[in-house]
Peer 1: 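Pasting a structure below so you can have a look.
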Amino acid sequence: MRLHPSAPEPYVVFDGLLSKPRLDHAECVVVGPDGTLWCGGEGGQIYRIEGDRIEEVASTGGFLLGLALGPDALYACDLALPGLWRLDLSTGTLDRFGAEVPGHPLVNPNYPVLLPDGGLLVSDSGRAGQPRVGLLRYDRDGRGEVWLDEPLNFANGLAWSPDRRTLYIAESWGYRIAAVDVTADGRPAGPVRTHAETPGFVVDGIAVDADGVLYVGAYEPSAVLRVPAPGQVEVFAHDETAHLLCHPTNLAFRGRELVVANLGRWHLTGFSL
């Protein structure tokens, strides 16, 4: 694993330490079409951040992990109240969305991504070091099924390739980025394969740029990795002080800006690419 030769300096995108409300250890960040940032908090809060203003839009009362933003709703995974929630963006109504899948009790629903038909793929991480079937599919009405019947060692963040024909999976305790090909109608087209190994880095979230380059949040040590091609891994950024990058989890692109959530602190970090 080598250092990326020209990584930009990190900076604080939004400082929520003393904001009102405080940004409560955001585990995820997603970007709206207008550039607005959405985050979840460890008390179940759903935050909307625009410029230097933060608003708590709703709360599950649990502990939010991954988010997915659709055209009319925001979907959230909750660790403390294991399940999925749906925030109607037009009414502000927050409701339970996905229930347990038959034969698969939810343990740690972690990260959702949208399917072309409006459904969701969701990683259910389980427990560290205990591989299990970890990818579920929910239709628009919240009915779920097992999507990929292969064991994964803490399936975490998910991301699509630019053509949406490959799904990337951060496999935290497998120390790798896994990948699976996907059909045009959103079904797995083959077995899971290793896209890149990440020895020594507990990977969490993934963002993919327009050229198909992967940026990966590594919860431990506090780092962002860059995967320009299969099997090629660079250390894009590493904060030995765990200050600007503090247990980074999920990340998202806002144009050419990479925005990173820090579970260990109260701010969002940015890189201008």
Side-chain angles (χ1 to χ4, degrees), residues 4 6-69 74 76-80 87 89 92 94 110-111 156-157 159 170 201-207 209 215-226 235-273:
H4 182 64
S6 57
E9 291 295 319
Y11 54 88
V12 174
V13 172
F14 178 81
D15 189 350
L17 175 61
L18 300 178
S19 64
K20 296 185 183 299
R22 179 175 290 118
L23 182 60
D24 193 4
H25 296 94
E27 202 271 351
C28 191
V29 58
V30 293
V31 179
D34 60 353
T36 296
L37 303 175
W38 294 81
C39 300
E42 67 175 15
Q45 307 97 324
I46 296 175
Y47 300 107
R48 183 179 184 273
I49 298 172
E50 185 174 6
D52 60 358
R53 300 188 302 277
I54 182 171
E55 173 191 8
E56 182 179 326
V57 176
S59 178
T60 67
F63 189 126
L64 291 192
L65 298 179
L67 306 175
L69 185 62
L74 179 81
C77 290
D78 197 303
L79 168 65
L87 175 69
L89 296 178
L94 181 67
N110 201 316
Y111 196 88
N156 203 324
F201 290 85
V202 180
V203 292
D204 193 293
I206 310 170
D209 72 12
Y215 291 81
V216 182
Y219 177 83
E220 181 63 31
S222 294
V224 174
L225 307 179
R226 183 177 184 270
V235 178
F236 179 74
H238 177 211
D239 189 345
E240 294 181 355
T241 68
H243 184 67
L244 275 176
L245 284 175
C246 187
H247 301 303
T249 44
N250 291 290
L251 17 68
F253 278 101
R254 181 166 60 174
R256 295 298 299 169
E257 180 181 47
L258 181 66
V259 183
V260 184
N262 297 283
L263 188 57
R265 292 188 68 84
W266 306 269
H267 68 269
L268 303 175
T269 301
F271 297 89
S272 292
L273 304 185

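What you are looking at is a predicted structure, and each value in this text was computed from that prediction instead of being measured.
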Peer 1: Taking the six-membered ring for Trp, are Phe271 and Phe236 ring centroids under 6.0 Å apart?
Peer 2: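 Under 6.0 Å, so yes.
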Peer 1: Do Asp34 and Arg48 sit within salt-bridge range, that is, some charged N less than 4.0 Å from a carboxylate O?
Peer 2: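 Yes, Asp34 and Arg48 are salt-bridged.
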Peer 1: Short question: side chain of Asn250, backbone of Glu27 - any donor-acceptor pair under 3.5 Å?
Peer 2: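 The answer is yes, because a donor-acceptor pair under 3.5 Å joins these two groups.
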Peer 1: Would you say that Val260 contacts Val13 through its side chain, given a criterion of any heavy-atom pair below 4.5 Å between the two side chains?
Peer 2: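 Result no, sub-4.5 Å side-chain heavy-atom pair not found.
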Peer 1: Taking the side chain as C-beta and beyond, is there a heavy-atom pair between Phe201 and Tyr219 under 4.5 Å?
Peer 2: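 A side-chain contact under 4.5 Å is absent here.
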Peer 1: Mind checking the CG-CG spacing from Asn110 to Leu65? Nearest 0.5 Å is all I need.
Peer 2: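 Output value for this atom pair is 5.0 Å.
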Peer 1: For residues Val259 and Thr269, determine if any side-chain heavy atom of one lies less than 4.5 Å from a side-chain heavy atom of the other.
Peer 2: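 The answer is no; the side chains never approach within 4.5 Å.
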Peer 1: For Leu244, does its backbone N or O pair with a side-chain atom of His267 as donor and acceptor, under 3.5 Å?
Peer 2: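 Here the side-chain-to-backbone pair exists.
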Peer 1: Looking at side-chain heavy atoms only, is the closest gap between Leu94 and Thr60 below 4.5 Å?
Peer 2: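 Yes, close enough: below the 4.5 Å cut-off.
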Peer 1: So does Leu245 get a backbone contact from the side chain of Asp239, meaning a donor-acceptor N/O pair under 3.5 Å?
Peer 2: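 A pair under 3.5 Å: yes.
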Peer 1: Closest heavy-atom contact between Gly44 and Leu64?
Peer 2: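 Residues Gly44 and Leu64, closest heavy atoms: O-CD1, 3.6 Å.
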Peer 1: Indicate yes or no: at least one non-hydrogen side-chain atom of Leu273 is less than 4.5 angstrom from one of Pro8.
Peer 2: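 Touching, per the 4.5 Å side-chain cut-off.
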Peer 1: Could you give the distance from CG (Leu23) to CG (Leu268), rounded to the nearest 0.5 Å?
Peer 2: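 So the CG of Leu23 and the CG of Leu268 are separated by 5.5 Å.
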Peer 1: Please confirm whether the backbone N or O of His247 pairs with a side-chain atom of Asn262, one donor and one acceptor, at under 3.5 Å?
Peer 2: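 Side chain of Asn262 to backbone of His247, a donor-acceptor pair under 3.5 Å: no, none is there.
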Peer 1: Are Phe14 and Ser19 close enough that some pair of their side-chain heavy atoms sits under 4.5 Å apart?
Peer 2: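 Yes. Closest side-chain heavy atoms under 4.5 Å.
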Peer 1: Which distance, rounded to the nearest 0.5 Å, do you find between the CD1 of Ile46 and the CD of Glu56?
Peer 2: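 CD of Glu56 is found 9.0 Å from CD1 of Ile46.
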Peer 1: Nearest 0.5 Å, what's the CG-SG distance between Asp24 and Cys39?
Peer 2: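 Those atoms lie 11.5 Å apart.
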Peer 1: How close do Tyr11 and Ser272 get, counting heavy atoms only, and between which atoms?
Peer 2: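 In this case the closest contact between Tyr11 and Ser272 is OH-OG, 3.1 Å.
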Peer 1: Check whether Tyr47 reaches the backbone of Arg22 with its side chain - one donor and one acceptor, N or O, closer than 3.5 Å.
Peer 2: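 Confirmed, Tyr47 side chain pairs with Arg22 backbone.
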Peer 1: Distance from Ile54 atom CD1 to Ile49 atom CD1, nearest 0.5 Å?
Peer 2: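 Atom-to-atom, Ile54:CD1 and Ile49:CD1 are 4.5 Å apart.
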Peer 1: Applying side-chain contact (heavy atoms from CB on, under 4.5 Å) between Val30 and each of Leu251, Leu69, Thr36, report the one that passes.
Peer 2: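 The side-chain contact (heavy atoms from CB on, under 4.5 Å) with Val30 is passed solely by Leu69 among Leu251, Leu69, Thr36.
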Peer 1: Is Leu225 close to Tyr215 at the side-chain level, that is, under 4.5 Å between some pair of heavy atoms?
Peer 2: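 Tyr215 does not reach Leu225 side chain to side chain.
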Peer 1: Can you tell me if Gln45 uses its side chain to pair, donor with acceptor, with the backbone of Gly43 under 3.5 Å?
Peer 2: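 Yes; at least one donor-acceptor contact below 3.5 Å.
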Peer 1: Measure the CG-CG distance between Asp204 and Leu263 for me, rounded to the nearest 0.5 Å.
Peer 2: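 Reported to 0.5 Å precision, the distance equals 8.0 Å.
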Peer 1: Show the nearest heavy-atom pair for residues Ser222 and Ala242, with the distance to one decimal.
Peer 2: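 Residues Ser222 and Ala242, closest heavy atoms: OG-CB, 3.9 Å.
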Peer 1: Do you know the tightest heavy-atom contact between Pro248 and Ala223?
Peer 2: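 The answer is CG-O, 3.3 Å.
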Peer 1: What do the steps show when you test Trp38 against Leu87 for side-chain contact (heavy atoms from CB on, under 4.5 Å), and what is the final call?
Peer 2: CA-CA 12 Å; Trp38 294 81; Leu87 175 69; 4.1 Å; yes
